[in-house]
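If you're wondering where the values come from, they're calculated on a predicted model, not measured in any experiment. Numbered from 1 within each chain, the chains take letters A, B, ... in sequence-line order. Heavy atoms only: backbone and side chains are in, while hydrogens, waters and symmetry mates are out.
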Amino acid sequence: MPELPEVETLCRQLRHVIMGAEISKTQIIDAKLGTIREVEGKQVGAVNRHGKALAIELERGLSLVFHLRMTGRLLWQNGNGLLPHTRLVISFSQGRLFLIDPRRFATVTVHKQGNGLPVGSDPIEDCDPFHLQAIAQRSTLLVKAFLIDQRRIAGLGNIYACEILYQARIDPWRRVHTLTHEEWKGIGEAAEKILKRAIACRGTSVSDWHDLFGNKGEHQDYLLVYGREGAACSRCGGIIHRRKLNGRGTYYCPTCQNCEGG
DNA sequence: CCCTATGTTCCCAA
DNA sequence: CTTGGGAACATAGG
């Protein structure tokens, strides 16, 4: 279930494996994905990510855009045989790219111009506190809901939003327009630090995330709040809490993050 | 049976 | 127009 660092991991690994290669064949296993036309015989010119979307860019402006949603995975295979829950196979001369997705929420689309990647500022490219504060100015959203809103900032999901707010010592229930410039600076710095470390660790494997080659990431060893309800806060020794915010499980330290009412 | 789940989109109400 | 809630999508695991 990939967020920005996981998709970035796939993006970098895919570049090494398929840059310049030609798609020899595509096989849709799950018809729910729809059809993929005109990509066979095309060469891969670039692999890019924006937010949680991944684009394999081909000749003549064509691109294949993947969104893995909750349980989608991309896996590179040299051998034969289908793995369970395989939805799509893209073959190259040197191997095959599998889209595997038990829950079948993942999507693949073909774009004829542009790379079809979504909008929203990228938290890796743009952690500038002035920018963050500017786009938050007229919003009444709770800060955590704001951080995971893909139209505003593309790429953060529940795990990294919890970690970033903990690191920046911000109450997830704060309204975004009340945050000071210092607080946005803290959020920007925390985001950059956490996302870069997570990418270096090839993502967070708390349940089923595996990289392009089937290996687990290592960033789960660095989580300070996510999934740690009832455990001791590494900073103050207090208890990590979990409460729902807009329907999403939210982990936080009431003491370090100055939450009202604990 | 119950509940949970790292995501997105749609409908509806305030 | 913005926001939040709920459902839907479909499956696995505790």
> Honestly curious: do A:Leu75 and A:Met19 fall in one hydrophobic cluster under the side-chain, below-4.5 Å linking rule?
no
> Within 45 degrees of the ring normal and closer than 6.0 Å to the centroid, is that where the cationic atom of A:Arg235 sits relative to A:Tyr166?
yes
> Does any nucleotide pair with C:dA10 by Watson-Crick or G-U wobble geometry, both distances under 3.5 Å, and what is it?
none
> Taking A:Gly249's backbone N and O only, do any of them form a donor-acceptor pair with A:Asn158's side chain (distance below 3.5 Å, no angle check)?
yes
> In terms of ring plane angle, is the pair A:Tyr252 and A:Trp173 parallel, tilted or perpendicular, where the classes change at 30° and 60°?
perpendicular
> Base, sugar-phosphate alone, or nothing: which one does A:Leu141 contact when heavy atoms must sit under 4.0 Å apart?
sugar-phosphate
> Rounded to whole Å, please give me the gap between CG in A:Leu245 and P in B:dA5.
13 Å
> Which residues satisfy the side-chain hydrogen bond (donor to acceptor under 3.5 Å, both in side chains) test with A:Asp211, sequence neighbours excluded?
A:Gln13, A:Arg202
> Quantified in whole Å, what is the C1' atom distance between nucleotide B:dC1 and nucleotide C:dC9?
22 Å
> What does nucleotides 7-14 of chain B look like as a protein-contact string, B for base, S for sugar-phosphate only, - for none, at under 4.0 angstrom between heavy atoms?
BS------
> With sugar-phosphate meaning primed atoms plus P, OP1 and OP2, does A:Thr107 contact a base, only sugar-phosphate, or nothing at under 4.0 Å between heavy atoms?
nothing
> Any side-chain N or O of A:Tyr226 less than 4.0 Å from the OP1 or OP2 oxygen of B:dT6?
yes
> Tell me: NE2 of A:His210 to P of B:dT6, nearest whole Å?
17 Å
> Say we look at C:dG5 and B:dA5: how far apart would their P atoms be, to the nearest angstrom?
15 Å
> Before giving the answer on side-chain contact (heavy atoms from CB on, under 4.5 Å), spell out for A:Arg15 and A:Asn48 the whole-Å C-alpha distance, their side-chain angles and the decisive distance to 0.1 Å.
CA-CA 9 Å; A:Arg15 277 184 196 138; A:Asn48 285 310; 3.4 Å; yes
> Along DNA chain C, 5' to 3', what are the outermost nucleotides having an atom less than 4.0 Å from a heavy atom of chain A?
C:dT3 to C:dA12
> Determine, step by step, whether A:Leu88 and A:Ile29 satisfy the side-chain contact (heavy atoms from CB on, under 4.5 Å) criterion, reporting the C-alpha distance in whole Å, the side-chain angles of both residues, the deciding distance to 0.1 Å, and the verdict.
CA-CA 5 Å; A:Leu88 166 69; A:Ile29 313 295; 5.6 Å; no
> Checking all strands, does A:Arg87 fall into the base, sugar-phosphate, or nothing category for heavy-atom contacts under 4.0 angstrom?
nothing
> Once you apply the 3.5 Å cut-off to both distances, tell me the Watson-Crick or G-U wobble partner of B:dT6, or none.
none
> Answer whether the closest heavy-atom distance between the side chains of A:Leu62 and A:Glu38 falls below 4.5 Å.
yes
> Got a donor-acceptor contact below 3.5 angstrom from the A:Glu183 side chain to the A:Thr180 backbone?
yes
